[in-house]
2 protein chains.
Amino acid sequence: MERMTGSSETHKGQDVQVDLIAVLVSVVAGAPCVLTIRGGHMLPSGPFELEHRSLQSSLRAWVERQTGHSVGYIEQLYTFADRDRITDDRARRAISISYLGLTRADELKAQPSSGWGGWYDYFPWEDRRNGVPAVESDIIEPRLRGWAQSASGTGPRAERWQRAASVFGFEDHAWNEELALQRYELLHEAGLVQEAYGEAPPVENLVPGIPMFADHRRILATAIARLRTKIKYRPVVFELMPPIFTLLQLQRAVEALSGRPVHKQNFRRLIEQQELVEETGEVAADTGGRPAKLFRFRAAVHLERTFLGTRLPITRS
Amino acid sequence: MERMTGSSETHKGQDVQVDLIAVLVSVVAGAPCVLTIRGGHMLPSGPFELEHRSLQSSLRAWVERQTGHSVGYIEQLYTFADRDRITDDRARRAISISYLGLTRADELKAQPSSGWGGWYDYFPWEDRRNGVPAVESDIIEPRLRGWAQSASGTGPRAERWQRAASVFGFEDHAWNEELALQRYELLHEAGLVQEAYGEAPPVENLVPGIPMFADHRRILATAIARLRTKIKYRPVVFELMPPIFTLLQLQRAVEALSGRPVHKQNFRRLIEQQELVEETGEVAADTGGRPAKLFRFRAAVHLERTFLGTRLPITRS
DNA sequence: ATGCTTATGCTTAAATTGAGCATAAATCAA
DNA sequence: TTGATTTATGCTCAATTTAAGCATAAGCAT
């Protein structure tokens with residue numbers, strides 16, 4: 001197999017548009033948020049600036065210019081180049097490179113026509129902090145059951161229902177918060193979100209949740225899933241926290257992102273044994289009950305931590 | 001924040017070259033391999049074909065045309081667009097989208113000038129199946145110590161050594177096979193791999209391991225790390241196995257990828273309790289000892305499995 | 001003081017994981 | 001044929017990790 005240049009002409013430059021799409025996440029008052037434009041229906045995006053050294057630096061510069069502050073953590077999500085991808089001028093082929101960025105909410109200088117949208121306004125079924133939300137049992141489950149039933153043939157029917165049960169945790173399946181993308185994709189496939197339709201979306205029979213432009217809600221789901229995975233083996237939550245915080249505040253941020261309730265005592269044990277934080281010596285007075293010790297992120301941890309994270313029966317020695 | 005089009009002209013098409021780079025992995029006779037060209041010094045790559053519906057399908061078509069067989073599993077790795085990225089004609093800016101693909105070795109029709117390169121020929125230090133390889137204690141550790149020492153200032157010296165110890169598992173740090181990329185990057189930064197140099201690389205003082213063109217070895221390290229992570233929570237190994245296999249063969253494949261020895265009895269317990277496989281009823285005669293039962297991958301598992309994988313103190317109920 | 005709220009230390013039970021013993025069932029060398 | 005060797009497989013055990021919850025501490029409001 002030689003270098004796979006079909007013919008040398010195809011290797012010439014192509015008239016493509018390269019866009020960056022940012023999923024900028026922060027936690028505002030215990031609610032996980034994403035930066036949006038156009039009334040909450042679009043993710044901010046912009047052209048890739050060739051003068052920059054790298055994609056990362058281009059994105060960083062652009063975000064900093066717009067938000068007035070630096071982004072703590074940036075991670076590439078996915079590159080899309082589908083032919084049917086909707087571009088602004090709908091003429092040219094577009095390549096979109098999406099990024100996840102974490103920032104502290106208080107540090108954002110608000111810009112006109114942009115704002116923080118709550119994750120769970122877009123994905124109400126993803127918030128299980130207070131148990132299974134009504135939308136799931138009342139709407140999603142019956143609709144998905146109907147969708148499964150509407151398949152032709154016993155096999156396909158069972159397969160659809162099996163898939164739904166598996167990603168939404170119906171029947172004896174466990175809920176897995178990391179499957180946010182799969183859940184959105186399933187709802188899309190089942191025609192239960194507005195983005196599944198073109199010109200005239202049905203007003204009825206859709207599942208609650210704010211729709212977004214093109215595939216932006218799908219990209220947001222990707223970001224949520226990625227962050228929910230990441231948070232478990234890398235101390236990224238700290239990028240969303242103020243410099244000084246209580247353990248409960250930290251817990252609330254984790255719960256906000258993961259969409260699940262956390263056992264307070266065990267959470268604190270985990271955090272402490274990982275030595276991620278250190279006491280400042282001060283206490284927070286305004287907690288409503290006994291004052292909580294204040295903590296800060298340990299500086300040493302910032303330099304790349306090595307983590308555990310094996311699920312293989314590894315030989316010890 | 002409006003849609004971030006600096007000016008409308010920058011939004012016009014740009015003369016960029018979009019390439020796909022494939023890391024095609026298989027396991028040949030217990031050895032994890034990657035498909036290479038140019039005598040093992042390059043990863044196969046080719047231009048993105050605009051006529052395809054998506055990046056994924058473009059890559060799939062191209063790989064199938066070249067290898068004569070389908071790729072079981074494809075996953076996007078990373079998109080590079082650094083200015084200093086070396087392109088074939090070195091004139092134009094290139095965007096490279098790299099992919100990881102898994103395939104069964106026996107199904108590849110060999111092509112001229114291409115072949116399977118063993119992972120560990122490129123990364124000898126990543127193979128710990130038989131304990132810590134000599135190259136680590138004899139060469140890597142002393143060289144990294146030297147590199148750390150050569151920093152100016154006590155702080156930077158300690159920091160460098162700390163980083164080295166952490167990713168390579170020196171001193172009381174545990175070896176983490178998922179840090180393959182970080183290890184390669186550290187060696188690069190320390191000037192211990194040929195790719196760290198331009199025209200005249202030093203012949204001496206490099207760490208063993210075959211160098212590759214441009215950043216291809218870095219991309220390969222990314223793929224290895226990704227696969228080592230993935231294998232723990234998604235049953236991707238099966239894409240590399242023949243339809244029928246023994247548990248030891250499966251174990252050997254996992255060991256090959258993870259670079260670590262696995263406890264046989266516990267491995268079998270894990271596999272069985274996850275219900276990933278089912279007995280065929282047959283036994284393999286040629287195992288050299290007692291015949292082993294033959295297994296196949298359970299079909300039901302192919303449809304998206306939901307997994308466990310939490311490391312948060314989740315509330316049960 | 002009394003009761004409410006949040007914080008924090010500590011115990012217990014269950015589940016998971018790393019190791020290894022013991023036996024089974026084949027091949028091979030004498 | 002026999003015993004050594006090799007791989008397969010069932011099962012136990014102990015250490016560790018994880019989920020839950022009890023109990024006490026220390027603020028505030030009344």
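Each chain gets a letter, A, B and so on, in the order its sequence line appears, and its residues count up from 1. Only this structure's heavy atoms are used, side chains among them; waters, hydrogens and symmetry mates stay out.
D:dT17 atom P lies 19 Å from atom NZ of A:K232, rounded to whole Å. Rounded to whole Å, the distance from CD1 on B:I271 to C1' on D:dG10 is 17 Å. We find that NE2 of A:H263 is positioned 13 Å from C1' of C:dA13, with the value rounded to whole Å. Atom CZ in B:R269 sits roughly 8 Å away from atom P in C:dG18 (whole-Å rounding). Rounded to a whole Å, the CD atom of A:Q273 is 9 Å from the C1' atom of D:dT17. A straight line from CG of A:N266 to P of C:dA13 spans 16 Å, rounded to a whole angstrom. Between B:E272 atom CD and D:dG10 atom P there is a gap of 6 Å when expressed in whole angstrom units.
Across all strands shown, C:dA30 is found opposite D:dT1 as a Watson-Crick or G-U wobble partner, with both distances under 3.5 Å.
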Problem set entry | Nucleotide-resolved protein contact map, nucleotides 4-9 of chain D, B/S/- at heavy-atom distance under 4.0 Å | --BBBB

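Within the 4.5 Å cutoff, no side-chain heavy atoms of A:I224 are placed close to those of A:E126. By the 4.5 Å heavy-atom criterion applied to side chains, A:T246 and A:V283 are not counted as neighbours. For the pair B:M241 and B:F297, the minimum side-chain heavy-atom distance is 4.5 Å or more. Side chains of A:I244 and A:F295 form no contact here, defined as non-hydrogen atoms less than 4.5 Å apart.
Shown here are the ring-ring contact (aromatic ring centres under 6.0 Å, His included) partners of A:F170, two or more places apart in sequence or in another chain: A:W161, A:F168.
A pairwise comparison of heavy atoms in A:L257 and A:V27 identifies CD2-CG2, 4.1 Å as the closest pair.
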